[in-house]
Protein chains: 2
Amino acid sequence: MLDAKTIAAKLEEAGVQATAQRIAIYQYIVCEADHPTAEEIKDWADQNFPKMSLATVYNTLNILVAAGLLKDYRFPNMSKVIYDSNVVHHHHFLDDETGQLIDIDPDVVEVTSKLKKEFHISQIQILFRGTRQTVRK
Amino acid sequence: MLDAKTIAAKLEEAGVQATAQRIAIYQYIVCEADHPTAEEIKDWADQNFPKMSLATVYNTLNILVAAGLLKDYRFPNMSKVIYDSNVVHHHHFLDDETGQLIDIDPDVVEVTSKLKKEFHISQIQILFRGTRQTVRK
DNA sequence: ATCTATATTTAGAGTAATTCTAAGCATAGA
DNA sequence: TCTATGCTTAGAATTACTCTAAATATAGAT
């Protein structure tokens, strides 16, 4: 759990003025949330922050994405945008039973493609779909 | 270019009653369109069909997807759903310069993943992103 | 500390994409 | 031809998000 000061420093470092709202949102996404949507963040804020408007949630998310502190994703099973504090390149596993998204390290995956050479690939995004057999509940 | 009769037969075969609107939409997607959105289909219908409501466009698309005749996709660069008449499993290349989507045959791609065995993968969806150097315009 | 210019937050209106509703039409089978 | 069911329609509603303009907060100069 990173403290507010550390979070504020990360914001400033990325060129984002560290306001109370921004610190709260970024801290929540980094420390507590797991691939949240704007709605989840708003719900959390309603419980844990004196007062925050929906517009601020969206403004902040857009600013954090632009600053490179968050990455936004759209997945085929959802019409909402999802935010990820893991900004280094990675893939995802979508559990089709629970809807849970899990980050997958690209080092665990190898892709060999024989596309025609007119295709200049700058990025490969993989979505694994399936289910996850956790040991026992 | 498949004729209306063939298209109607495909609809019936999939358990979908072949109405004029459904035939027109499915024929357009199969024969002419390239990964269209609902909006593109509506625009086409406004030019090429006596009268079709937007609700019918959406109803029809949902019915065709449910019947397995179309597949719907959401891509990270767009907030609209995209429809694909190619319903056999394949990947996509997204040209980040033109926004064009190109189907990629899974046989051209090999993926080896060493995920923990609790992950039961039923499908792998790959999005290649980059640009395409076509020979000369 | 105080002022001030600029940045941020806010509520509410606006927009885009899609779904819903309920009435009117069309169609297939009796 | 009748009728039940299914389809289409216009328009309202919903969802997810963005915009607007006013209020508030903040950083840096004084």
Nearest to the side chain of [X], heavy atoms from C-beta on, is which of [options]?
X	options	value
B/Arg22	C/dT18, D/dT8, D/dT9	D/dT8
A/Val81	C/dA11, D/dC17, C/dT9	D/dC17
A/Ala55	D/dA10, D/dA16, C/dG12	C/dG12
A/Lys80	D/dC17, C/dT9, C/dA17	D/dC17
B/Met52	D/dT9, D/dA16, C/dT9	D/dT9
B/Thr19	D/dT8, D/dA16, C/dA17	D/dT8
B/Glu39	C/dT18, C/dT8, C/dA17	C/dA17
A/Leu54	D/dC7, D/dA10, D/dC17	D/dC17

Without decimals, in angstroms, what is the distance between [X] [atom1] and [N] [atom2]?
X	N	atom1	atom2	result
B/Phe49	D/dT9	CZ	P	7 Å
B/Gln21	D/dA10	CD	P	11 Å
A/Leu11	D/dT26	CG	P	14 Å
B/Ile63	D/dG6	CD1	P	12 Å
A/Glu12	D/dT26	CD	P	12 Å
B/Ile41	D/dT8	CD1	C1'	17 Å
A/Leu61	D/dC19	CG	C1'	17 Å
B/Tyr73	C/dT18	OH	P	16 Å

Got a second to check how far A/Ser113's OG is from B/Phe93's CZ, nearest 0.5 Å?
->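 Taking OG in A/Ser113 and CZ in B/Phe93, the distance rounds to 10.0 Å.
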B/Leu64 and side-chain contact (heavy atoms from CB on, under 4.5 Å): which partner among B/Leu70, B/Val87, B/Asp72?
-> B/Leu70
Return the 5'-most residue of the pair B/Gln17, B/Arg74 with respect to DNA chain C, ranking by each residue's nearest nucleotide.
-> B/Arg74
Considering heavy-atom distances to DNA chain C, does B/Ile82 or B/Ala20 have its closest nucleotide positioned more toward the 5' end?
-> B/Ile82
Do any side-chain nitrogens or oxygens of [X] fall under 4.0 Å of OP1 or OP2 in [N]?
X	N	result
B/Tyr58	C/dT19	no
B/Lys42	C/dA17	no
A/Ser53	C/dT10	yes

Nearest heavy-atom neighbours spanning B/Val111 and B/Ile124 |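 Between these two residues, the closest heavy atoms are CG1-CD1, 4.2 Å.
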Heavy-atom pair of closest approach, residues A/Arg74 and A/Ser79 | NH1-O, 4.3 Å
Any side-chain donor paired with an acceptor under 3.5 Å for B/Gln125 and B/His91?
-> no
Would you say the side-chain atoms of B/His90 and B/Asp105 include a donor-acceptor pair closer than 3.5 Å?
-> no
If you fit an axis to the five pairs at each end of the helix from C/dA1-D/dT30 to C/dA30-D/dT1, how big is the angle between those two axes, to 10 degrees?
->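 It comes to 20° between the two terminal axes.
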Report which part of the nucleic acid A/Asn62 touches: base, sugar-phosphate, or nothing (heavy-atom distance under 4.0 Å, all strands).
-> sugar-phosphate
Taking it one step at a time, do B/Arg129 and B/Asp96 satisfy salt bridge (charged side-chain N to carboxylate O under 4.0 Å, His left out)?
-> CA-CA 7 Å; B/Arg129 296 184 72 157; B/Asp96 278 315; 2.8 Å; yes
Describe, in one word, how the ring planes of A/Trp44 and A/Tyr28 are oriented to each other, choosing from parallel (under 30°), tilted (30 to 60°) and perpendicular (over 60°).
->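 Parallel, since the angle between the ring planes stays under 30°.
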